[in-house]
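Worksheet for the structure shown next.
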2 protein chains.
Amino acid sequence: MATRILVVEDERPIREMLTFVLVQHGFESIEAEDFNTGLDKLAEYSPTLVLLDWMLPGGSGIQFARKIKQDEFSKDIPIIMLTARGEESDKVRGLEAGADDYITKPFSPKELIARIKAVLRRVPGAHLEEEIIINGLRLDPVSHRVTAYQDDLSLGPTEFKLLQFFMTHPERVYSREQLLDFVWGTNVYVEDRTVDVHIRRLRKAIAPHGHDALIQTVRGSGYRFSAK
Amino acid sequence: MATRILVVEDERPIREMLTFVLVQHGFESIEAEDFNTGLDKLAEYSPTLVLLDWMLPGGSGIQFARKIKQDEFSKDIPIIMLTARGEESDKVRGLEAGADDYITKPFSPKELIARIKAVLRRVPGAHLEEEIIINGLRLDPVSHRVTAYQDDLSLGPTEFKLLQFFMTHPERVYSREQLLDFVWGTNVYVEDRTVDVHIRRLRKAIAPHGHDALIQTVRGSGYRFSAK
DNA sequence: GCGCTGTGTGACGGTTTTGTTACATCATGA
DNA sequence: TCATGATGTAACAAAACCGTCACACAGCGC
């Protein structure tokens with residue numbers, strides 16, 4: 001799924017330029033030209049990030065930021081504010097109001113994208129950072145490593161993701177379609193049987209200490225990862 | 001080598017308490033009771049951080065901060081100021097004068113240490129004063145040198161920073177983007193692939209004794225420095 | 001046992017990612 | 001100013017990975 005970015009900017013040419021750059025880099029752009037439209041679209045689309053012009057008519061940029069940061073449902077959405085050169089005092093107020101970064105106009109597309117990515121990188125949760133150990137099979141998301149007792153198992157990116165999914169969702173059957181959804185990602189056009197092949201590769205990779213038995217085939221339904 | 005902290009505080013009980021807490025947490029404390037002593041010790045010990053009482057007799061705390069921030073040799077030394085509760089205006093003036101953070105008295109040892117660590121984390125290289133040795137590869141941040149057993153290895157500035165980052169953050173995968181953030185700096189916009197080239201240069205530089213194997217490629221994710 | 005369906009497995013071609021080199025540019029100091 | 005070294009990027013080579021297929025094998029109802 002593409003990352004949704006809400007662009008709140010009153011000047012149409014700039015707004016369209018922003019959308020152009022964003023879309024070109026694979027983001028989804030949602031435009032809003034004023035405070036109220038912005039709030040509506042915020043609620044409607046719950047974007048991943050907000051690009052906010054600081055010079056909205058009536059100086060409502062700062063209000064908008066406050067609104068976002070106060071609301072329970074949107075307070076974690078990062079804000080990047082757009083300021084004109086030299087508006088140093090605004091910058092300070094902006095950061096105080098909860099902006100996560102700022103960009104001084106004029107800026108290059110490259111800079112814009114870089115900052116967006118930098119902010120997004122800082123935000124997403126550390127939820128997936130815990131290591132998991134099941135029956136002596138250890139998966140560490142941080143070092144991106146799988147170990148069985150003392151030795152390092154080597155698996156490709158897809159096998160790793162597949163195993164990570166299984167280990168975080170054990171004791172449950174998943175159909176090939178579901179696995180494609182969760183591991184490969186939604187709307188990827190790939191054959192069901194591809195899952196079989198990766199299951200095979202994964203089993204082979206974790207076989208050295210017999211962990212291949214953890215991945216069980218449920219005939220007619222799919223696969224299950226189970227320690228029992 | 002322990003991190004040196006200069007404590008500039010006129011009240012002896014507080015000063016000694018600070019030293020006690022600092023030493024207990026593995027820091028080295030250098031005490032100064034007034035402006036002039038402070039400057040002397042600053043020059044003599046070049047501490048990593050300054051803990052500065054804002055209420056020095058004659059209000060010279062602010063002068064002290066300015067002095068530090070103006071001098072070429074000390075301007076990068078972070079300052080944490082100690083303020084009494086409610087001295088809001090001082091806080092503002094303090095931050096303007098170059099303080100990096102402030103703590104309101106009374107504070108708990110825990111808070112003090114937390115803030116010191118937070119500040120040190122922001123100051124590049126400050127907490128990295130100690131030499132690091134991993135698998136016989138030795139990096140000395142002070143002399144800016146890398147040695148493998150008896151050999152001196154020669155690496156360029158970027159390679160050095162990259163290695164330093166890796167050695168202080170081992171056993172963890174970093175994406176190219178993250179490495180650009182941490183090693184090159186947040187607002188530098190260069191291609192992802194540039195990282196590859198520097199990885200290559202770094203590997204080559206540390207290869208003489210086989211240390212290139214410490215830098216591992218994690219396909220699809222980035223690179224990892226690992227002694228395992 | 002037989003036929004049918006579902007799964008295991010090895011191999012292949014194409015694609016993506018990474019390694020490596022070369023080169024133009026930039027910075028620095030003599 | 002020139003020389004030197006460092007840097008970023010492009011281009012090509014090599015390696016890893018992916019999805020698919022063909023065929024073998026296993027489970028199951030008859």
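Every chain is numbered from 1 and lettered A, B, ... according to where its sequence line falls, protein lines coming before strand lines.
Between the side chain of B:Asn135 and the backbone N or O of B:Leu137 there is no donor-acceptor pair closer than 3.5 Å. When atom types are taken as modelled, the side chain of A:Arg138 and the backbone of A:Thr147 share no donor-acceptor pair closer than 3.5 angstrom.
The side chain of B:Arg176 places no N or O atom within less than 4.0 Å of a non-bridging phosphate oxygen (OP1 or OP2) of C:dT17. Between B:Thr217 and C:dG19 there is a side-chain N or O to OP1 or OP2 distance below 4.0 Å. Considering only side-chain N and O atoms, A:Trp184 lies nowhere under 4.0 angstrom from the phosphate OP1 or OP2 of D:dC18. Note on A:Tyr223: every side-chain N or O is 4.0 Å or more away from OP1 and OP2 of C:dG6.
Protein atom CZ of A:Arg193 is 8 Å distant from nucleotide atom C1' of C:dG8, rounded to whole Å. Separating the CG atom of B:Asp196 from the P atom of D:dT9 is a distance of 12 Å, rounded to the nearest angstrom. To the nearest angstrom, C1' of C:dG14 lies 16 Å from CD of A:Glu191. Remark: C1' of D:dC18 and CG of A:Leu155 are 15 Å apart, rounded to the nearest angstrom. Here C:dG8 presents its P atom at 12 Å from CD of A:Gln216, a figure rounded to the nearest Å. Remark: P of D:dT7 and NZ of B:Lys161 are 8 Å apart, rounded to the nearest angstrom. If you take NE2 of B:His198 and C1' of D:dA6, they are 8 Å apart, rounded to a whole angstrom. Atom-to-atom, CD of A:Glu159 to P of D:dC17 comes out at 8 Å; the value is rounded to the nearest Å.
In this structure, A:Ile68 and A:Leu52 have side chains that are not in contact, with every pair of non-hydrogen atoms separated by 4.5 Å or more. Residues A:Arg203 and A:Thr217 are in side-chain contact: their nearest non-hydrogen atoms beyond the backbone lie under 4.5 Å apart. For the pair A:Phe27/A:Leu49, no side-chain contact is recorded, criterion being any heavy-atom separation below 4.5 Å from C-beta on. Side-chain contact between A:Arg15 and A:Arg12: present, with at least one pair of heavy atoms (C-beta onward) separated by less than 4.5 Å.
Both A:Ser221 and A:Val197 sit near DNA chain C, but only A:Ser221 has its closest nucleotide nearer the 5' end. Nearest-nucleotide positions on DNA chain D for A:Thr194 and A:Gly156 put A:Gly156 closer to the 5' end.
Using a 4.0 Å heavy-atom criterion, one finds that A:Phe160 contacts no nucleic acid atom at all.
The base of C:dT7 does not come close enough to the side chain of A:Arg219 for any donor and acceptor atom to sit less than 3.5 Å apart.
Taking A:Phe160 as the reference, A:His144 meet the ring-ring contact (aromatic ring centres under 6.0 Å, His included) condition, with sequence neighbours excluded.
For the segment residues 201-210 of chain A, the set of residues with a heavy atom within less than 4.0 Å of an atom of DNA chain C comprises A:Arg201, A:Arg203, A:Lys204, in numerical order.
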